[in-house]
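One structure is given below, encoded as structure tokens.
Note that the structure is a prediction, hence the values are computed from the model and not measured. Values below: every heavy atom of this structure, side chains too, minus hydrogens, waters and symmetry copies. In what follows, every chain begins at residue 1, and chains take the letters A, B, ... in the order their sequences are listed.
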Number of protein chains: 2
Amino acid sequence: MPDSAAESRDPRERILLAAGREFAERGYEAATVRDICTAAGANVAAVNYYFGDKHRLYIESVKHAHEARLRQVPQPEWAPGTPAAQKLRDFVGSMLDRMLGGDQPPWQVRLMMRELLQPTEACRELVEDYIRPHFGILLGVLDELTGSALPESEVRRLGLSIIGQCFLYRAAGDVVAMLVPGGEIDAYHTPQAIADHVTRFTLAAIGVAAPFARPGLGTVSALESPR
Amino acid sequence: MPDSAAESRDPRERILLAAGREFAERGYEAATVRDICTAAGANVAAVNYYFGDKHRLYIESVKHAHEARLRQVPQPEWAPGTPAAQKLRDFVGSMLDRMLGGDQPPWQVRLMMRELLQPTEACRELVEDYIRPHFGILLGVLDELTGSALPESEVRRLGLSIIGQCFLYRAAGDVVAMLVPGGEIDAYHTPQAIADHVTRFTLAAIGVAAPFARPGLGTVSALESPR
DNA sequence: AATCGATTGAAACGCTTGTTTGATTTCCTC
DNA sequence: GAGGAAATCAAACAAGCGTTTCAATCGATT
């Protein structure tokens, strides 16, 4: 058990940890206060004693997971002069590592993913404290990469394109695994390999790296870029 | 009520419909047999009479939604000679329309999305009958677009990049709306606008359309495409 | 050692859940 | 129109849920 060593002597902390894992695995409705308390080695009454009710326990456990995650995965920082393309690769790599990394994705990510997919009250806080700053960094890199030639709205769409590519593997990873032949999933769909692909794809779209295929099909003018 | 006109006189059908909506909205655990039956105008016992238990009702309702969706959104077909770039735009557009389209996304899509994000038994069937064929069409278009110059594994990754970009708006739409300034979400993030962006982004990455920004920053060689 | 608030514990509460029952109604067949 | 299977209904069931209760225990302070 990866986290059990860090299991605090403080019962409040223990419950928070067990709750996070349980909520992440089963979802809010299916997770039961009794199971959480059993896993935490606490009495059922402890939840109401420390948190009031199940709902507030949920909110707290999301915040707790989020803070723990922020602590162990600091935002990327670069030495001045680092090429923007390198920054992009680093950013995508660390995002994918955070999402898919390690042996299996930690329960904190699962829990946060649930919030993103079906937001509750805890979501806004999550976005403001965790998502938006990261997104801001990405936008900065993209702005640098495009030589500040694009309007902000366009840069944002580029950013969402990048995040979307990574997000798919995390949110719908099981389906992706079904769509890709068995052997390939290990060889071509590691966090590293995906990061390489997403980076290359994006740099090519921006025009900083070579495109995937050379034109010359005669279809170039068939669809002008909108506007 | 959009579907109420199609509400069959057959109670089995009515329950299936109400169940789909309820499961889509609340999820399996939170949806209750009583609510479903009330919405369907049926007695609680009807569920067990027609389906045995809640779990089998769920399976059936997923299949039912999936079949209904297949019926109303046929796979795209193109006249011979249609430019591949146009096909890509059509494909992306129809996928986004299916995901986000209409006034609000239909409950069938929500239900299927739940299956994708946290697969149950119904998922494999869903992938084989619904997702994989569509994915195959996309791969065909991409293969055509790249002049069959890329290995299949590479084409698949391109396909996943495209789907990921669209998927984000559907699965994490609420978060996207938080990250984008209020006015912009209506102007730049309609299904049409997103389709245009994703298509342009992809075509640029492949090298069939102009990149988003001209190079010349001196960072081109900073990160060669992997391998 | 006594005191008192903070914490824990076993048990029960009230409610909702999925499911079953058995009587009643409906609808078709002969 | 009588007979009988199919379908519907109100009511109840047992089990599980979140929550509460209140007595027992702990731990620091006096």
Contacting residues from residues 45-55 of chain A, given that a heavy atom lies under 4.0 angstrom of DNA chain D: Ala45(A), Asn48(A), Asp53(A), Lys54(A)
Test item: Arg114(B) side-chain N/O and Glu25(B) main-chain N/O as donor-acceptor pair under 3.5 Å: yes
Glu128(B) atom CD, over 12 foreign heavy atoms within 6.0 Å: yes
Give a yes or no on whether Glu29(A) atom CD has more than 12 heavy-atom contacts from other residues, nucleotides or ligands under 6.0 Å away. yes
Taking any heavy-atom pair under 4.0 Å as a contact, classify Ala30(A): base, sugar-phosphate, or nothing. nothing
Nearest whole angstrom, please: distance from the C1' of dG18(C) to the CG of Asp35(B). 13 Å
Residue from Leu203(B), Thr202(B), Asp196(B) passing side chain to side chain contact (heavy atoms under 4.5 Å, CB included) with Thr199(B): Leu203(B)
Partners of Thr120(B) by side-chain hydrogen bond (donor to acceptor under 3.5 Å, both in side chains), sequence neighbours excluded? Glu115(B)
Just to confirm, is there a sub-4.0 Å distance from OP1 or OP2 of dA10(D) to any side-chain nitrogen or oxygen of Asn43(B)? yes
Taking the six-membered ring where the residue is Trp, are the ring centres of Phe201(A) and Phe201(B) under 6.0 Å apart? yes
In this structure, how many angstroms lie between the P atom of dA7(D) and the CZ atom of Arg14(B), rounded? 13 Å
Integer-rounded Å distance: dG16(D) C1' and Glu29(B) CD: 12 Å
Name the residue closer to the 5' end of DNA chain D, choosing between Val33(A) and Gly41(B) according to the nucleotide with the nearest heavy atom. Gly41(B)
Let me know the distance between CD1 of Ile36(A) and C1' of dG16(D), rounded to the nearest Å. 15 Å
Rounded to whole angstroms, how far apart are CD1 on Ile15(B) and C1' on dC9(D)? 13 Å
Looking at dG18(D), does its base get a donor-acceptor pair with the side chain of Arg34(A) below 3.5 Å? yes
Starting from C1' on dC17(D), measure out to OH on Tyr28(A) and report it in whole angstrom. 12 Å
